[in-house]
Every structure is written in C-alpha cells, then in structure tokens.
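Notes follow the structure.
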Amino acid sequence: MSAAAARRYWLVKSEPDVFSFADLCASEDQTTYWDGVRNYQARNFMRDGMKRGDLVLFYHSSTEPAAIVGIAKVVREAYADHTALDPRDPHYDPKSKADAPTWMMVDVRAVEALVNPLTLADLRGVKGLESMVLLQRGSRLSVQPVTAKEWAIVYRMGMKTR
DNA sequence: GCCAACGTTGGC
DNA sequence: GCCAACGTTGGC
C-alpha cells in the first residue's frame, strides 16, 4: 500500500438555472472552477478535504425535482476564489483580500451523468443513507462529505438500468 | 410563494 | 459573549 490518502467523496449543490450538470459537460474540458461558496463550513471542506481524484455527486437544488444528476471529480485543489475580490461580481466580499483570501474554490470535471437521476424522495428511506448530510432536516451545506458506503449505494441506484 | 431552518451581524 | 434581528437557502 502506498501512503496516498484514500479517495474521498463529496456532494456539491448547484441551481441548474445558474449552472447545471449539462453546463459542466459543455464547458471546455468538461471542467469549471467551483466559485461562489460563501459559507465557512463548505469552504473548509473544499480547502481541507477535497483532493485531486476525489469524486463528487452533482446535485440540482431549488428545482423540480431536486436531484443528484451526475458525477464529477476534483481536478485542482483549493485556490483563491477570485470572484470574491471583484467588486462588480455578485459574490464580491470586501473582507477577502488578494494576499489573504477568505474564500476558496476547486476545479471539477464532469465524469458521467446518472442513468437515473435520484430525487430526495428516491433517497429518503433507503437503508444506509440515514445519515447522509443531504437528507438531514434543514441541511443547507452546499459542499458536503459523502461516506464511501453512501457513495456505493447512490452509485448503484443511479446507474442501475431499468 | 410560503416558511422553517440556518448562518451571520451587530447592539448591548 | 449573548441573543435578537436579519438575510439566505431550499424543500414543498
């Protein structure tokens, strides 16, 4: 065994009207920078947890139906979110400075779409997903960890052909 | 559109 | 350091 850390798993939320999984697939190299995270807990997961090669569930929020729709992977680890430094950007944060950025982003690349998008209704009640952060009452975290066990269950459900 | 839940701000 | 007020998220 190498000393390399085990791959970790994550879930990110995006409103599809703003940026959808299809938008990611249509991006150059199917890759984009994940800007606009303005929550400390979510930032810490990106900054401290996300490593190259980690896999990410792509979740569409505030849409009907809200669902996990695809899989992406981390291709660049955390670096400064430049949109926080731009006064004209809607995500501008005057507290963030170029020499000491408050907010970070990573780069993610699309891997594949789920054969079956998985709505919250699909996921609720599934054995093994009881503790999934996404399903917790009042959960609003836009970047959240997923356990290997949860990942395996979601992947199996999402890729099962009918 | 409603509203519960949550995170942040700011007065004290 | 407490906590009320406020703004935002996001399911429904």
Side-chain angles (χ1 to χ4, degrees), chain A residues 8-27 32-50 54-74 77-108 110-111 113-147 149-151 153-160:
Chain A
R8 293 191 227 187
Y9 302 94
W10 308 94
L11 179 145
V12 298
K13 296 180 182 177
S14 186
E15 298 187 24
D17 291 347
V18 178
F19 192 83
S20 69
F21 189 69
D23 291 330
L24 179 61
C25 293
S27 300
T32 195
Y33 50 83
W34 205 255
D35 63 314
V37 172
R38 296 292 180 271
N39 169 282
Y40 287 102
Q41 201 179 354
R43 179 207 63 185
N44 293 347
F45 283 130
M46 282 201 305
R47 185 189 62 190
D48 306 331
M50 281 187 164
D54 284 0
L55 292 172
V56 180
L57 297 172
F58 197 111
Y59 175 79
H60 282 172
S61 64
S62 295
T63 189
E64 185 55 45
I68 299 171
V69 297
I71 293 168
K73 68 177 174 183
V74 177
E77 295 175 13
Y79 58 108
D81 181 344
H82 60 81
T83 67
L85 305 172
D86 179 357
R88 292 160 311 192
D89 192 282
H91 295 300
Y92 175 60
D93 180 357
K95 295 192 302 298
S96 190
K97 303 296 178 205
D99 57 354
T102 303
W103 304 112
M104 312 292 286
M105 59 190 186
V106 298
D107 286 359
V108 296
V111 174
L114 295 192
V115 174
N116 313 308
L118 299 170
T119 67
L120 294 177
D122 292 332
L123 298 170
R124 290 193 199 283
V126 173
K127 190 172 180 333
L129 298 185
E130 296 85 356
S131 300
M132 194 171 181
V133 177
L134 182 70
L135 303 180
Q136 302 312 301
R137 178 179 172 82
S139 173
R140 307 194 312 188
L141 257 188
S142 62
V143 177
Q144 52 182 256
V146 172
T147 68
K149 184 178 160 195
E150 289 163 352
W151 177 274
I153 294 168
V154 169
Y155 188 84
R156 191 181 324 121
M157 290 176 69
M159 289 306 179
K160 189 179 211 170

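Heavy atoms only: backbone and side chains are in, while hydrogens, waters and symmetry mates are out.
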Looking only at side chains, do A/T83 and A/D86 share a donor and an acceptor under 3.5 Å apart? no
Which residue in the set A/V69, A/L114, A/I68 passes side-chain contact (heavy atoms from CB on, under 4.5 Å) when paired with A/F21? A/V69
Atom CD of A/E64 to atom P of C/dG11: distance rounded to whole Å? 10 Å
Side chains of A/V133 and A/L11, heavy atoms from C-beta outward: is any pair under 4.5 Å? no
What residues in residues 124-135 of chain A put a non-hydrogen atom under 4.0 Å from any atom of DNA chain C? A/R124
Would you mind reporting whether A/S27 and A/F19 have side-chain heavy atoms less than 4.5 Å apart? yes
Check the pair A/W10, A/F58 against ring-ring contact (aromatic ring centres under 6.0 Å, His included), reporting the backbone distance first and the verdict last. CA-CA 9 Å; A/W10 308 94; A/F58 197 111; over 10 Å; no
Check this for me, if you would: do A/D99 and A/K97 make a salt bridge, where the nitrogen-to-carboxylate-oxygen distance has to be below 4.0 angstrom? no
Enumerate donor-acceptor pairs with a distance under 3.5 Å from any side-chain N or O in residues 125-132 of chain A to protein atoms, sequence neighbours excluded.
| residue | atom | partner | partner atom | Å |
| --- | --- | --- | --- | --- |
| A/E130 | OE1 | A/G128 | N | 2.9 |
| A/E130 | OE2 | A/G128 | N | 3.2 |

Given the rule in the side chain to side chain contact (heavy atoms under 4.5 Å, CB included) test, do A/H82 and A/Y33 qualify, once you have shown the distances and angles that lead to the verdict? CA-CA 10 Å; A/H82 60 81; A/Y33 50 83; 3.7 Å; yes
Taking only nitrogen or oxygen atoms into account, show me every contact under 3.5 Å that the protein makes with nucleotides 7-10 of chain C, one pair per line with its distance.
| residue | atom | partner | partner atom | Å |
| --- | --- | --- | --- | --- |
| C/dT8 | O2 | A/R140 | NH1 | 2.7 |
| C/dG10 | OP1 | A/K13 | NZ | 3.0 |
| C/dG10 | OP1 | A/R140 | O | 2.7 |

